[in-house]
Number of protein chains: 2
Amino acid sequence: MQIGSLAEASDVSAKTIRFYEQRGLIPPPPRTSGGYRDYPAEAIQRLRFIRDAQGAGMTLADIGRILSVRDNGQAPCSEVSTLIAEHLDQVERRLTELTATRTRLRRLAHRAAGIDPDACVEADICTILVGRDRLTVPSAGTPGRPLPPTTIGRGGVEGGIS
Amino acid sequence: MQIGSLAEASDVSAKTIRFYEQRGLIPPPPRTSGGYRDYPAEAIQRLRFIRDAQGAGMTLADIGRILSVRDNGQAPCSEVSTLIAEHLDQVERRLTELTATRTRLRRLAHRAAGIDPDACVEADICTILVGRDRLTVPSAGTPGRPLPPTTIGRGGVEGGIS
DNA sequence: GTACGAGTTCCAGCACACTGGAAGGTCAAG
DNA sequence: CTTGACCTTCCAGTGTGCTGGAACTCGTAC
């Protein structure tokens, strides 16, 4: 199976597949006499797994760790469980943050609705954003991993294999 | 006021201040005879505004637009209102996505808790992540702007001015 | 005069997951 | 033999907001 067919079958662009190979996420397949990559059918499964794991919010680095455990013949259950728990944790924290941001934005929108632009000209820069109740910034306690934006299907894949 | 004092007063590192200047967010201040930047007190306000706007989820590009409207002597109220509305929208959508992700992760965590690793060895790659009920990926309809991770206070600022 | 902190410029890199494009090779059909 | 789809490698760029470091100057204290 050539890379193009695999791309179509797995809904992952050929470029991305090569990129994954380079990152060690999928093993280098054998080549045809002409130098073309020749994938076994299992490659589809592997790519699907990668997509699923990304859907669970994991980075390629996480996924690479899981896959290498698996490639060593062990069941990666405990690693996977740990990663899931970690991500759940991050998602929870992010949700908390985002909810706070939403509250802040709603307050701002409300304030903006009742503003007189002429009065505003006198003010500092913007009376909407710099109000009396200063908007304190979350200031992210432990940086940790910033939690990928979960923008998976954007751009490349939907656009087609090219 | 030198850049160091401004950094301290505004809680924005000197490096970052120069970076903002280079990005056009703060006007190049006059220089001392020795070539040092010499800031007026208003610079503190401006930096605070930038931080506040970031806290509302705006990118530096957004903030730059607001500031340039302001610098032209107009009240940026309508621009600001529009931006706020846009961000609110994005935050809402992101919250929906994240909530879905959380649900997915919870299901995964639950599944992981009742897995037999030995059974898993036989399976494809990981029975937790690749289950019968395939985890469909959000597939982000309109990409739009990915909504900055709102990780404002990480690393640089808390660490100090350096 | 010399040490030191704080300033200057400029270039590079991080993290993340790709994507674009150039320049060329392979293979089947016509 | 040529066309064209498909493949190859490699390098560079995207976006976001900085941060690090090198190499140098300024200003003040001792």
Pair [X] + [Y], salt bridge at N-O below 4.0 Å:
X	Y	result
B:Arg46	B:Asp71	yes
A:Asp52	A:Arg48	no
B:Arg106	A:Glu92	yes

Atom [atom1] of [X] and atom [atom2] of [N]: how far apart are they, to the nearest Å?
X	N	atom1	atom2	value
A:Ile63	C:dC16	CD1	P	12 Å
B:Tyr20	D:dT19	OH	C1'	13 Å
A:Ile3	C:dT19	CD1	C1'	14 Å
B:Asp38	C:dA6	CG	C1'	14 Å
B:Glu21	C:dC10	CD	C1'	14 Å
A:Gln22	D:dC11	CD	P	11 Å
A:Arg18	D:dC7	CZ	P	7 Å
B:Ile17	C:dA6	CD1	C1'	13 Å

Go through [options] for me and flag the one nearest to the [X] side chain.
X	options	value
B:Leu60	D:dG17, C:dT8, D:dC7	D:dG17
A:Gln54	C:dA6, C:dT9, C:dC18	C:dC18
A:Lys15	D:dC10, D:dT8, C:dC27	D:dC10
A:Arg37	C:dT19, D:dT9, C:dA17	D:dT9
A:Arg23	D:dC7, C:dA17, C:dG7	C:dA17

Phosphate oxygens OP1/OP2 of [N]: is one of them under 4.0 Å from a side-chain N or O of [X]?
X	N	result
B:Ser13	D:dT19	yes
A:Ser33	C:dT26	no
A:Thr32	D:dT8	no
A:Arg31	D:dT9	yes

(request) Report yes if some heavy atom in the side chain of A:Pro30 is under 4.5 Å from a heavy atom in the side chain of A:Arg37; otherwise report no. (result) no
(message) Regarding A:Arg51 and A:Gln54, do their side chains bring together a donor and an acceptor under 3.5 Å, going by distance alone?
(response) yes
(request) Starting from the 5' end of DNA chain C, give me the residue, A:Phe19 or A:Gly34, whose nearest nucleotide shows up first. (result) A:Phe19
(message) Quiz question: going by heavy-atom distance under 3.5 Å, is there a donor-acceptor pair between the base of C:dC27 and the side chain of A:Tyr36?
(response) no
